[in-house]
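Here the structure comes first, spelled out in structure tokens, and everything after it is commentary.
Computed from a predicted model, the values in this text were never measured in an experiment.
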Amino acid sequence: MYENGISVSRAAVMAGRVLATISTSTRLGVCSRLVVVLLSAAVGLAACSAGNDPNLPGSTAEATQPAAQHGDRVSRFGEYAGYTESRFTQWVRSSQYVEMRDGVRLAVDIIRPAVNGVAVADALPVIYTMQRYGRSHLRPDREGVVTPVDTKSHIRELVKRGYVYVSVGIRGSGASFGSFDGVYGANEARDAFDIAEWIVGQPWSNGRLGIMGNSYRANAALMAASMPHPGLKAIFPSMMDFDNFLTARPGGVLLTGALDSWTTITAIVDGRIPPREDVPMPAIAPVDGDTEGQLMQAAQRDHSGNVDVLKASAQRLYRDDYNYDPELEEAENLLVTQVDAINRGGVAIYLWSGWRDIWPTPPFLWMANLQVPRKLAMGPWTHDPDERDAEQQLLAGEVERVRLQAIEMTRWFDYWLKEIDNGIMDEPPITYTVGDSQGNWTWRNAQQWPLTDTDIDTTPLFLADNGALANRAEKNAGNEAAADQFEVDLSATTGPQSRWIDATSFYPTAYPDLTGNGAKGLVYVTEPAPAPFEIIGHPLVTLNITASAADADIYVYLERISADGAAQYLTEGNLRASHRTLGRAPYNNLGLPWPTHARRDVEAAAPIDSTVAQLHFALMPIAERVGAGERLRLSITAADSDNFETGPAAAGTTITVLRAGNHLSSIALPIGPAQ
């Protein structure tokens, strides 16, 4: 996704304490990183161990789903044996340019299984990735060209099991020619089709294709599914987007940190600006035969016209500044507009995501709006697939992520590309984790999302006197006096290693204790829980506010307070007050509030210094257990300085939160009994 220039230059001195919220390791603490996150999450260069130590903290139960088992064969979530074998221990790489329909040449790497150093002659199924950050790299610590097969065990496992892997640099990036017209441009979907057409004509291809990729590459896979080649049977996108407007402007507020960082990194990758010492990016490998780099230089001259995503996003203030027409335009397109086209294409989709990702809601939106064969796995993960502890060891959740992703990707592509009936489509469509305050998690299954009313009870908690978060509202008839005030403090922040920055930063997600952040706004706390319970779904916030300014940004955080007082970040949401008008989404929005973010509605919204404004919005979804004796804390601020643009309310602006009579303020939690 995107990355923050602040974190690039200051991350070394800002590494904070990773709180064990829905992280999957108890071995947490002060984190520093010698290997940059981008080299694994975006560029894919940090090597991952595929080990599976049953003594590691973390997963305590498997999803209770039936296994397809026949003799020595078993196939279920996280377990696969006897259907195909990991039979190749070698692979060979070659690279070349492939010409698209309009003459633009894309750099392509082909990695084929080999025996005794020679590629096998068999025609095999092919998995490919449309890469935004370079198809392969040159690293000072590694000899020769380094490809995703060398550094990613889940991709390597596919090659070992008899798949060809093809890594493609998208136009306008790395060693590929052409220019980048904007995220998910029409050319990207057409290029994915052209690459597929080229692949099926090669002697090493049997004509059956899949696409996989994380983050931007996941979104490119979904774009490819909107214009699928007949040979494309299945995709495996991980950490995917849904609506570009909300990616650039969550709650209507520009995500400056991440956008600035992503723009900087891609500018370096594309050769538009020189490398920087504070952004340790690896070099893009030239195509075979380009020993002097002349073709690379010519390609990068094409990149001078690439779109600056930060500038483009800053200029688009409203949802209607984006093109919501389903017909693809050459420039930026929104993934959400391609739902119908993807459904018509019929490509099978396995969505892989995490509760701590920058995009935890989109996988559920995709599941609700897609009609193609589909599955979703939602784990205790961040956007970055390489979270490590202070000793540079993969966290337990990352070890498990590596293991599970290799298994699930293999099962998925075996079923759709090799036509092996391993039962994966007979299983529940959704598999997800429920975490606790100790960093453990359990796997569950679901047939639908949100969970049914028989599983979940929506429970409102009201903002009350003395900073209480209570299950009974203050309903003094006609009394509107119950209210709390705070002054806008523009230094409020969740830090430079938040989930927002993790998408593209050089360090892992690390939330500080947010007690100090809450002191810059308002805080409401529940009584200790008398018995454990679970929150599974999307918390909904209703705030009635006024202010001494015409507009303001409101940030809401839900935290878990352990019995010893330690605070753990759970989730958050935000909304610019002038963007509060709700409408009906043009897609299945899971029953959640849908601010229109339309220009006409924003301009028509009454200023909050002359009216009581009701803000009704969803926080990002969670699946968390609250233990006996633990409490919940709701914090409200008016800024997140490390991650979002400065809002319309100046420092010192007074914001009043009403909480009585006809102006109750609350958070509604999807609660179920602890299992």
Determine whether the side chains of [X] and [Y] contain a donor N or O and an acceptor N or O closer than 3.5 Å.
X: Trp355; Y: Thr433; value: yes
X: His303; Y: Ser179; value: no
X: Ser75; Y: Arg411; value: yes
X: Glu188; Y: Tyr216; value: yes
X: Asp502; Y: His383; value: no
X: Arg499; Y: Thr509; value: no
X: Tyr165; Y: Thr129; value: yes
X: Asp109; Y: Thr147; value: no
X: Ser95; Y: Arg93; value: yes

Could you pull out the closest heavy-atom pair between [X] and [Y], with the gap in Å?
X: Ala123; Y: Ser205; value: CB-O, 3.6 Å
X: Val402; Y: Ser153; value: CG1-OG, 2.9 Å
X: Leu328; Y: Met227; value: CD1-CE, 3.5 Å

A side-chain contact here means heavy atoms from C-beta on lying under 4.5 Å apart; do [X] and [Y] qualify?
X: Thr431; Y: Leu376; answer: no
X: Asn306; Y: Arg272; answer: yes
X: Val166; Y: Ile127; answer: no
X: Tyr83; Y: Thr410; answer: no
X: Ile235; Y: Leu222; answer: yes
X: Gln96; Y: Val98; answer: yes
X: Val115; Y: Thr89; answer: no
X: Leu334; Y: Arg319; answer: no

How are the rings of Tyr322 and Phe245 set to each other: parallel, tilted or perpendicular (split at 30° and 60°)?
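Rings of Tyr322 and Phe245: perpendicular, over 60°.
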Do the ring planes of Trp449 and Tyr432 sit parallel (below 30°), tilted (30 to 60°) or perpendicular (above 60°)?
perpendicular
Under the criterion ring pair (Phe, Tyr, Trp, His ring centres under 6.0 Å), which of Tyr350, Tyr163, Tyr128 is the partner of Phe236?
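Output: one option passes, namely Tyr350.
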Given 3.5 Å as the limit, does a donor-acceptor pair link the side chain of [X] with the main chain of [Y], or not?
X: Asp357; Y: Pro360; answer: no
X: Ser226; Y: Met223; answer: yes
X: Glu330; Y: Gly185; answer: no
X: Asp290; Y: Met296; answer: yes
X: Arg161; Y: Arg87; answer: no
X: Ser176; Y: Gly169; answer: yes
X: Ser313; Y: Leu310; answer: no
X: Ser215; Y: Arg217; answer: no

Rounded to the nearest 0.5 Å, what separates atom [atom1] in [X] from atom [atom2] in [Y]?
X: Ile420; Y: Phe413; atom1: CD1; atom2: CZ; value: 13.5 Å
X: Asp270; Y: Phe180; atom1: CG; atom2: CZ; value: 8.0 Å
X: Ile284; Y: Gln131; atom1: CD1; atom2: CD; value: 9.5 Å
X: Arg105; Y: Met100; atom1: CZ; atom2: CE; value: 11.5 Å
X: Gln338; Y: Ile342; atom1: CD; atom2: CD1; value: 6.5 Å
X: Ile195; Y: His229; atom1: CD1; atom2: NE2; value: 11.0 Å

Worked verdict on Trp352 versus Trp412 for side-chain contact (heavy atoms from CB on, under 4.5 Å)
CA-CA 12 Å; Trp352 183 267; Trp412 188 245; over 6 Å; no
Verify side-chain contact (heavy atoms from CB on, under 4.5 Å) between Arg112 and Val118, making sure each step is shown before the conclusion.
CA-CA 9 Å; Arg112 298 168 58 189; Val118 178; over 6 Å; no
Apply side-chain hydrogen bond (donor to acceptor under 3.5 Å, both in side chains) to Asn422 and Tyr80, showing your working.
CA-CA 9 Å; Asn422 55 27; Tyr80 194 46; 3.2 Å; yes
So, applying side chain to side chain donor-acceptor pair (under 3.5 Å) with Tyr184, which one of Asn333, Asn219, Asn244, Thr337 is it?
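Among Asn333, Asn219, Asn244, Thr337, the one that satisfies the side chain to side chain donor-acceptor pair (under 3.5 Å) with Tyr184 is Asn219.
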Audit row: Tyr324, Asp243, side-chain hydrogen bond (donor to acceptor under 3.5 Å, both in side chains) steps and yes/no
CA-CA 10 Å; Tyr324 276 82; Asp243 186 331; 2.9 Å; yes
Passing option when Ile199 is tested against Val126, Ile110, Val164 for side chain to side chain contact (heavy atoms under 4.5 Å, CB included)
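Option passing the side chain to side chain contact (heavy atoms under 4.5 Å, CB included) with Ile199: Val126.
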Is it true that [X] and [Y] make a salt bridge, defined as a side-chain N closer than 4.0 Å to a carboxylate O?
X: Glu408; Y: Lys375; answer: no
X: Arg142; Y: Asp150; answer: no
X: Lys152; Y: Glu157; answer: no
X: Arg316; Y: Glu332; answer: yes
X: Asp321; Y: Arg249; answer: no
X: Glu419; Y: Arg208; answer: yes

Evaluate side-chain contact (heavy atoms from CB on, under 4.5 Å) for Thr151 paired with Arg139, printing each intermediate quantity in order.
CA-CA 12 Å; Thr151 59; Arg139 285 172 46 180; 4.1 Å; yes
When you look at Asn206 and Leu124, which way does the side-chain contact (heavy atoms from CB on, under 4.5 Å) test go after all the steps?
CA-CA 5 Å; Asn206 70 1; Leu124 301 172; 5.6 Å; no
Do Trp366 and Trp359 have their ring centres less than 6.0 Å from each other?
no
Partners meeting ring pair (Phe, Tyr, Trp, His ring centres under 6.0 Å) with Trp204 (sequence neighbours left out):
Trp198
Hey, could you give me each pair passing salt bridge (charged side-chain N to carboxylate O under 4.0 Å, His left out) that has a residue in residues 168-185? Not counting sequence neighbours.
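Sorted result for residues 168-185: Asp102-Arg171, Arg171-Asp191.
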